[in-house]
Amino acid sequence: MTAAQRTQELRQEIRRHEELYYLQAAPAISDAEFDALMNELKAIEAAHPELLTADSPTQRVGGRAAEGFVTVDHVQPMLSLDNAYNEEDLRAFDERVRKGLAIEWSPSYVAELKIDGLSIALTYDQGQLVRGATRGDGTRGEDVTTNVRTVRAIPLSLRNGPAGRVEIRGEVYLPKKAFERINQEQEAAGEPLYANPRNTAAGTMRNLDPALVARRGLQAWIYQVVFPVGAPQQASHADMLAELKAWSAPVEPHWQQCDGIDAVVAFCEAWRERRASLDFETDGVVIKLNDLAQRERLGVTSKFPRWATAFKFPAERKTAMLHRIEVNIGRTGAATPFAMLEPTVVAGSTISMATLHNPDDIIRKDIRPGELVIIEKAGDVIPRVVGPANPAATDRPAKWVMPTHCPVCNSPLHKPEDEAVWRCDNSSCPSKLRRGLEHFASRGAMNIEGLGESLVGQLAESGLVKSLADVYHLTAEGLVGLERMGKKSADKVIREIEKSKANDVWRLLYGLGIRHVGERGAQVLADHFGSVADIQGASLAELQEVREIGPVLAEAVRTWFDEPRNLELISRLHAAGLTMKGERKVAPAGPQPLAGKTYVITGELSGMSREEAAARLQALGAKVTGSVSKKTTTLIVGTEPGASKLEKAAALGVGTVDEAGFLALIMKPS
């Protein structure tokens with residue numbers, strides 16, 4: 001067999017296994033066997049570069065994306081859907097359809113599960129994927145082709161697809177298990193948890209690092225073909241879905257053709273409870289007129305197609321006894337309250353703890369320990385306390401008061417004037433050390449395999465590690481004897497620690513846990529200055545001059561390097577042999593449409609961290625500050641915002657936008 005023949009055989013086999021794994025949830029080989037096929041293909045392509053093609057499965061992650069995303073026009077507008085919330089709304093929709101078609105009987109519909117993700121438009125030319133774009137404002141979206149190629153469910157080439165150019169549309173989503181894993185990593189790193197899979201998927205797809213996007217584990221379902229004007233098309237939506245599946249596009253399998261509105265209502269009712277069994281989040285059902293010719297007759301409004309609607313499932317809420325409110329200390333010292341509840345089943349899982357965000361939120365909702373509260377899963381994933389079950393009761397327990405001292409080390413807690421979060425400033429706080437170690441060793445930072453939560457806890461409690469630098473003085477002999485740590489496991493951990501010394505400088509910067517410095521910020525700093533020493537020696541003004549580094553991040557970096565104990569840590573890490581210098585790559589300046597404007601962010605954004613949001617604004621020329629003033633252009637308001645920023649913005653007449661407005665701003669700045 002020739003190299004060309006084996007290459008083609010391997011590509012077909014790998015794609016077959018991708019479809020079995022990602023589309024049918026029926027893997028036929030182990031991960032190791034799949035990796036062996038992929039490695040063999042990589043080896044052949046390396047030896048025969050002339051055989052490498054853009055649709056090879058080895059090319060799903062092909063380097064970094066461009067700085068920022070270009071906006072592109074959609075072939076046809078990607079419209080929103082009108083909503084239905086109950087059976088009455090569904091029947092009213094059917095009545096409008098019948099009236100518009102001038103018929104007396106209820107027509108045929110297709111009911112599909114409404115995927116809680118990010119709408120995507122995929123363009124194929126001669127069967128090859130050439131572009132992926134987000135929905136954006138409906139007429140223009142962001143070109144995210146590089147990131148789309150990392151989603152293994154999306155075929156890089158269509159099997160027996162149409163000749164010429166065609167656009168197919170669908171939804172990119174984050175499976176439940178992937179979302180839970182990401183939030184476990186966030187928690188271990190002392191970072192805020194993402195609120196729901198939908199916004200996390202949206203934020204991931206807009207990330208500038210395709211390798212990170214690939215690690216997140218996004219998936220996709222496809223549900224529409226956009227035919228060129230005058231091109232032949234199927235007679236029905238059901239036929240369209242069947243053809244998409246024949247092209248190897250991932251089609252969600254639970255759709256159903258419904259002959260009349262009664263069947264639609266039954267479908268919606270059946271999935272109200274069954275949705276908990278799915279491995280992805282769905283917040284409703286999309287109902288579409290099946291006959292495509294009838295759709296043309298009905299047409300669209302300026303916002304919605306007249307031939308479709310979205311039935312929204314109500315969020316399930318339960319009452320539960322709130323036993324007590326405890327406070328967790330993260331790696332940055334952030335003191336985050338959380339609720340300890342009577343175990344209660346909500347949306348298919350047992351809830352015993354729930355987020356409370358910050359003390360201001362507890363006060364605003366008047367949540368008190370020792371009484372029944374209403375709980376729900378935000379986005380059917382993150383448990384949260386909505387409020388008291390009986391706020392009008394006369395015998396309610398005493399109001400909760402935020403502790404004045406750290407529950408771990410008993411140091412005083414402090415709250416900066418412009419923030420909603422209290423913090424423990426004791427750098428030796430055992431909880432901060434433990435969370436900091438978990439973050440330092442995490443996959444996104446130093447990537448020390450084996451140095452996970454359990455081992456970190458033992459190292460901190462035993463006193464073997466009292467500083468990040470102590471990690472590099474551990475020995476296999478010292479680890480043996482710890483729980484689940486034999487000679488073989490200890491040797492492996494030490495090898496991983498040794499290997500991490502060669503990591504890129506940005507990984508070290510991110511792993512140090514400097515406040516406000518996320519992965520992107522660490523990469524920008526490393527690319528601009530090249531070495532830790534040059535960052536350490538940079539003035540505040542020099543830091544602020546770096547593209548994507550605003551005043552808040554610059555001040556945090558300068559403050560961190562002004563602390564003598566941190567300089568001692570850097571010195572010890574340097575002596576241990578960690579890479580402290582890399583290649584300087586100053587990014588070229590791009591368009592600056594937001595130059596001269598100043599933004600402040602309050603609350604949590606679901607799709608990205610505040611550091612990532614600030615970086616996106618700064619890349620467009622804006623300034624991002626930590627407090628509202630007369631110079632502030634707009635206050636960006638996420639969930640659970642700080643009351644002081646909102647009040648100050650109102651007093652100064654500063655405008656506000658929500659997360660949707662922020663996303664529109666960075667996608668189409670003006």
Side-chain angles (χ1 to χ4, degrees), residues 116 174 176-200 275-276 281 283 313-332 334-391 393 396-403 407-408 413 420-422 431 435 453 603-607 609 638-643 659:
D116 208 8
L174 198 61
K176 291 178 180 178
K177 289 184 179 179
F179 179 70
E180 290 168 0
R181 171 181 54 78
I182 291 168
N183 262 343
Q184 288 170 359
E185 293 172 355
Q186 288 288 107
E187 185 176 18
E191 298 290 340
L193 300 184
Y194 291 116
N196 57 61
R198 174 177 56 81
N199 287 344
T200 309
R275 59 183 172 137
E281 291 301 324
D283 58 353
F313 293 132
E316 182 181 3
R317 290 185 172 184
K318 293 284 187 71
T319 57
M321 174 58 68
L322 172 57
H323 291 307
R324 61 189 182 277
I325 296 176
E326 297 187 356
V327 175
N328 176 64
I329 304 298
R331 68 176 177 85
T332 63
T336 307
F338 62 96
M340 297 298 296
L341 304 159
E342 185 73 25
T344 306
V345 177
V346 183
S349 61
T350 301
I351 305 302
S352 58
M353 294 188 296
T355 181
L356 290 169
H357 295 290
N358 58 58
D360 289 348
D361 185 53
I362 297 173
I363 294 169
R364 179 175 61 82
K365 294 178 177 177
D366 197 15
I367 298 170
R368 308 183 188 189
E371 67 177 1
L372 289 173
V373 293
I374 299 170
I375 60 174
E376 70 176 15
K377 282 187 177 180
D380 281 340
V381 176
I382 301 295
R384 73 182 185 100
V385 177
V386 178
N390 189 10
R396 298 182 66 194
K399 292 186 176 183
W400 178 79
V401 178
M402 180 70 184
V408 180
L413 295 176
V421 179
W422 291 75
S431 183
R435 297 297 186 189
E453 182 178 353
E604 299 298 333
L605 301 176
S606 302
S609 68
T639 58
E640 318 302 340
E659 184 166 358

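Remember, predicted model here, so these are calculated numbers, not experimental data.
How far CG of L322 is from CG of L372: 9.5 Å, rounded to the nearest 0.5 Å. Annotation: the span from N358 atom CG to R364 atom CZ amounts to 8.5 Å, rounded to 0.5 Å. Taking CZ from R331 and CD1 from I329, the interatomic distance works out to 14.0 Å, rounded to the nearest 0.5 Å. Rounding to the nearest 0.5 Å gives a distance of 8.5 Å between CE of M340 and NE2 of H323.
Using a 4.5 Å heavy-atom cutoff, the side chains of V385 and I362 are not in contact. No side-chain heavy atom of R368 sits less than 4.5 Å from a side-chain heavy atom of W400. Looking only at side-chain heavy atoms (C-beta outward), P397 and P369 stay at 4.5 Å or farther from each other. At a threshold of 4.5 Å between non-hydrogen side-chain atoms, the residues T200 and N183 do not count as touching. The shortest distance between side-chain heavy atoms of N328 and R435 falls below 4.5 Å.
Under the 3.5 Å distance criterion, the side-chain polar atoms of S431 are left unmatched by any main-chain donor or acceptor of V408.
Considering only residues two or more places apart in sequence or on other chains, R396 meets the side chain to side chain donor-acceptor pair (under 3.5 Å) condition with D366, E371.
A salt bridge links K365 to D361: at least one charged side-chain nitrogen sits closer than 4.0 Å to a carboxylate oxygen.
When each of L341, T344, I374 is tested with K318 by the rule side chain to side chain contact (heavy atoms under 4.5 Å, CB included), just one qualifies, namely T344.
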